[in-house]
Structures are given as structure tokens and as C-alpha cells.
Amino acid sequence: MRARNRFVPGFDPDCGDAALSSVRHDIVIGRWQGVRDLLRTTGADWLARGHRVRQLAQACAGSTTVETWLAAEPHSADALVLRAATETVRAFHLAIAAGRGVPIDQRRVDAAVAACLSATESYLDDPTPWISLISVARLYPAGVRRQELARWWDELHRRDPYSMEGHLQVLHYYSARWHGSHGLMYDFARDAAGVAPRGCPLPVLVQYARVEEYRYAVDTTAGRSATVGLGQHWSDDAAASDVRRTWERWFTGRVRGTVAPGALRDCNYLAHAACSARAEDIAGPLLTHLGTRFTRTPWSCTGDPAQQITRWRKEYVRR
């Protein structure tokens, strides 16, 4: 009986979006009609649409499904948006395969940018291709011109001013691992958090920034052995204060109910930060609210995700 009731965290890549999971299975066998129907019914729910397009792009990157869809419906705005996201994923796959600091063929990056720009013209109200555009801009060795990035950001912001994913892609661009610095990244995160209305998840950008800073330290100091000197990174006064600020401005102000699939990763970042900062009064409720719904990041940055989550639950969740 005890083994049957043992807690096991789930790491569903679709974050509980059953309709998305069903359609992703279609992609494996080359069917695109389900993808079309899913995006059509999602409509202008930008949070759900962005989450679904990102996950579908990951599935389409290793197949020709999106190209088959475009061959059948060459003027489909949804197909063009998905192709833009898919080309972005493919470019990042090439960059990962090449290794840190090794540039990839600029023509592949240019092709992804062109696909994104084509998508922006096909679905004028959709912020999703602008997010893809800002994301793929990181792959240029020197980034893009400041004026160009600003123009893309303005277009995205005009369509969805509180887009968490859009802000996150800019944060990555401004990080020290890409084309900025820790200071620039934190300034952007705190500025965005400062103007976010109560209940908006943008304050959690500060927790994303802390993970980025940690990853940079690990990458530049020969791996995890260097993390011994980073213990206070997660639990100093600034980290703890940031956790409480995000909890108060976002989570306690949000509409009650289950965290949407598109926001599940954000909740995991706050839960990870709360556990790491030993903020029991915040970590406990967050872990309880999440139940078994977890994302591998950011837990994977500091060890085995399942082991960490299980350990923190034993410590902070009261039965």
C-alpha cells in the first residue's frame, strides 16, 4: 500500500494539455490535420497558443509535417506561424550540436528569420512569430542591431504587452550567456516586474534571471564542481526577498484555480526558488498546488529533478 501511494512527480512536456498531447501523436505519423484544427480552435488565447506552438514546433522539427501542411494549404496563417517556430527550433538544434561558442551557418539563421517575418505578415495580430524572431536573433554571433531588436520588441509588446514568453526571450538575449550581462538582464527583469499588474506572472522573470546567472557560472567555471562556492546564490537576502516579492505580486494576486499549461513552468521556477531560499511558508503551498505537475527545468539545473522535488515535498508539504 505504501509503495502504491509513493509520490512520483510527473514531467509531462505538454504540461497537462491533453488536446496538445493527442495532436503531437499525429505528427509522429505525418498527419497535419489535427494540428490545423487545434490551432484554429485555440484562436487568440495567446498564452495557450504560444505554449502549443512551441511544443508542436519541437515535435515538427524532426519531421516534414509542417511542410506537408503548407504544401496542402500554402496560405494558412497558422501553418506559417508554426513553420516559423519550427525553423527556429531547428536552428537551435544545429547550435546545440555545434557546441557552445561555435557559430552555425548564417544562412540557416537567416532562413529562420525570413520564416518568422513571413509569419508576422500572415497573421497580423499574433505575437507568437515575433517571439520566435527575438529568440532566433540570439544565434547571430554578434546579435542584431539594437534598433532592430527594439522594433521587434515593440511589435510584440503592442500585441501582447504582458507576454511571459516574449519577455523571457528578451531576458535570454540580454543575458551574459548570449549578448548582454548579468546587470542588463536583471535590470530588464526588474523593470518588467515593476510595471506588471497584480496577478501577472512577469515578476517571476527575476527567478529566471537567477537561474541564468547560475548556469553562466557553471558553464564558465568548468562544471558542477564550481557550484560549491555558489551556495548563497539561492538563499542570500536578495534571493529570499525576490521570492517573497514574486509570491505577493504574482501568485497571491492571480485568479484562483489550476495553473494553466502555459504558466506551469513559471510556477516551477518560483517553487524551485522558494525551496532553495528555504522560504517554507511559500514553498509548501506552491508544492501542494503543483501536485504532481512539474517541469524538468529549473530543477535540472541543480541536480536530479525528481529527487529534489521529492525531498522538498517531504520537508515542506504537511499531510
Side-chain angles (χ1 to χ4, degrees), residues 9-21 24 42 45-59 85 88-89 92 127-128 131-132 134-135 138 156 160 162-173 175 177 185 188-189 192-193 196 199-215 234 242-243 246-247 249-251 253-255 257-277 282-283 285-306 308-309 312-313:
F11 296 109
D12 175 12
D14 298 326
C15 300
D17 189 334
L20 171 60
S21 297
R24 286 222 299 161
T42 305
D45 181 341
W46 301 135
L47 177 63
R49 181 177 175 83
H51 171 67
R52 287 173 169 177
V53 167
R54 286 191 300 277
Q55 294 305 109
L56 291 171
Q58 291 287 344
T88 297
V89 169
F92 272 96
T128 311
I131 295 172
S132 297
I134 292 170
S135 176
R138 302 205 310 265
L156 167 59
D160 189 4
Y162 303 118
S163 166
M164 185 65 198
E165 186 65 23
H167 280 79
L168 183 57
Q169 292 308 319
V170 176
L171 183 143
H172 288 320
Y173 186 93
S175 72
R177 290 199 304 137
M185 173 182 67
F188 176 77
C200 172
L202 288 182
V204 83
L205 284 168
V206 179
Q207 279 69 55
Y208 277 95
R210 191 162 289 273
V211 171
E212 272 292 327
E213 183 184 4
Y214 182 85
R215 291 181 64 186
W234 305 107
D242 285 337
V243 166
T246 300
W247 167 257
R249 296 193 57 191
W250 170 38
F251 210 80
R254 60 184 286 276
V255 177
T258 303
V259 175
L264 187 64
R265 182 183 53 182
D266 306 334
C267 193
N268 271 258
Y269 267 76
L270 182 55
H272 175 269
C275 290
S276 301
I282 296 174
L286 282 170
L287 292 171
T288 300
H289 189 85
L290 284 167
T292 59
R293 301 174 69 212
F294 289 91
T295 55
R296 292 192 179 276
T297 55
W299 309 95
S300 59
C301 297
T302 50
D304 180 87
Q308 290 180 85
I309 293 163
W312 289 121
R313 276 184 56 88

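Owing to the predicted nature of the structure, the values given are computational and were not obtained by experimental measurement. Values reported hereafter were calculated over all heavy atoms of this structure, with side chains retained and with hydrogens, waters and symmetry mates removed.
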**Item:** Nearest non-hydrogen partners of Gln207 and Val243, listed with the distance
**Value:** NE2-N, 3.7 Å

**Complete:** Across all chains, not counting sequence neighbours, the side-chain hydrogen bond (donor to acceptor under 3.5 Å, both in side chains) partners of Ser175 are none

**Request:** Take Trp299 and Tyr269 through the side chain to side chain contact (heavy atoms under 4.5 Å, CB included) test and state the conclusion after the steps.
**Result:** CA-CA 8 Å; Trp299 309 95; Tyr269 267 76; over 6 Å; no

**Request:** Enter the distance from Thr292:OG1 to Arg313:CZ here, rounded to the nearest 0.5 Å.
**Result:** 8.5 Å

**Asked** Who pairs with Ser163 by side-chain hydrogen bond (donor to acceptor under 3.5 Å, both in side chains), at least two apart in sequence or on another chain?
**Response** none

**Prompt:** Excluding sequence neighbours, so at least two apart, what forms ring-ring contact (aromatic ring centres under 6.0 Å, His included) with Trp234?
**Reply:** Tyr214, His272

**Asked** Roughly how far, to the nearest 0.5 Å, is the CG atom of Leu290 from the SG atom of Cys267?
**Response** 4.0 Å

**Request:** Please test Ile282 against Phe251 for side chain to side chain contact (heavy atoms under 4.5 Å, CB included), starting from the C-alpha separation and ending with a verdict.
**Result:** CA-CA 10 Å; Ile282 296 174; Phe251 210 80; over 6 Å; no

**Prompt:** Looking at Leu171 and Phe188, what are the two nearest heavy atoms and their distance?
**Reply:** N-CE2, 3.9 Å

**Request:** Could you list the residues that satisfy side-chain hydrogen bond (donor to acceptor under 3.5 Å, both in side chains) with Gln308, not counting sequence neighbours?
**Result:** Thr302

**Complete:** For Thr246 and Pro203, the nearest pair of non-hydrogen atoms, with its separation, is OG1-O, 3.2 Å

**Message:** Checking Glu165 now: which residues fulfil salt bridge (charged side-chain N to carboxylate O under 4.0 Å, His left out) with it, not counting sequence neighbours?
**Reply:** Arg54, Arg265

**Request:** Could you list the residues that satisfy ring-ring contact (aromatic ring centres under 6.0 Å, His included) with His51, not counting sequence neighbours?
**Result:** none

**Request:** Applying side chain to side chain donor-acceptor pair (under 3.5 Å), run through Thr42 and Arg49 and close with a yes or a no.
**Result:** CA-CA 6 Å; Thr42 305; Arg49 181 177 175 83; over 6 Å; no

**Request:** Please check if the side chain of Arg293 supplies one atom and the backbone of Cys15 the other of a donor-acceptor pair under 3.5 Å.
**Result:** yes

**Request:** Measure across Ala263 and Leu47 and return the closest heavy-atom pair with its distance rounded to 0.1 Å.
**Result:** N-CD1, 4.4 Å

**Prompt:** side chain to side chain contact (heavy atoms under 4.5 Å, CB included) between Tyr208 and Met185: does it pass, once the steps are laid out?
**Reply:** CA-CA 10 Å; Tyr208 277 95; Met185 173 182 67; over 6 Å; no

**Prompt:** By salt bridge (charged side-chain N to carboxylate O under 4.0 Å, His left out), which residues pair with Arg24, not counting sequence neighbours?
**Reply:** Asp14

**Message:** Suppose we screen for salt bridge (charged side-chain N to carboxylate O under 4.0 Å, His left out). Which residues come up paired with Asp266, at least two apart in sequence or across chains?
**Reply:** none

**Item:** By side-chain hydrogen bond (donor to acceptor under 3.5 Å, both in side chains) - contacts of Arg210 (at least two apart)
**Value:** none

**Complete:** Taken to the nearest 0.5 Å, the spacing of Leu56 CG from Gln58 CD works out to 10.5 Å

**Message:** Donor-acceptor check, side chain of Gln55 to backbone of Leu20, threshold 3.5 angstrom: yes or no?
**Reply:** no

**Asked** Which atom pair, heavy atoms only, marks the closest approach of Leu156 to Gly166?
**Response** CD2-CA, 3.5 Å

**Item:** Test ring-ring contact (aromatic ring centres under 6.0 Å, His included) applied to Tyr173 - qualifying residues, sequence neighbours left out
**Value:** His179

**Request:** Identify, with sequence neighbours excluded, every residue that meets side chain to side chain contact (heavy atoms under 4.5 Å, CB included) alongside Pro9.
**Result:** Phe7, Phe11, Phe294, Ala306, Ile309, Thr310

**Listed partners of Ser132 passing side chain to side chain contact (heavy atoms under 4.5 Å, CB included), at least two apart** = Ala85, Thr88, Cys116

**Message:** When you measure from the side chain of Arg249 to the backbone of Ala196, do you find a donor-acceptor pair of N or O atoms at a distance under 3.5 Å?
**Reply:** yes

**Prompt:** Can Tyr162 and His167 be said to form a ring-ring contact (aromatic ring centres under 6.0 Å, His included), step by step?
**Reply:** CA-CA 8 Å; Tyr162 303 118; His167 280 79; 7.6 Å; no

**Request:** Starting at SG of Cys301, measure out to CD of Glu212 and round the result to the nearest 0.5 Å.
**Result:** 8.5 Å

**Asn268 side, atom CG; Thr295 side, atom OG1 - distance, nearest 0.5 Å** = 3.0 Å

**Asked** Do the side chains of Leu287 and Cys275 get nearer than 4.5 Å, heavy atoms only?
**Response** yes

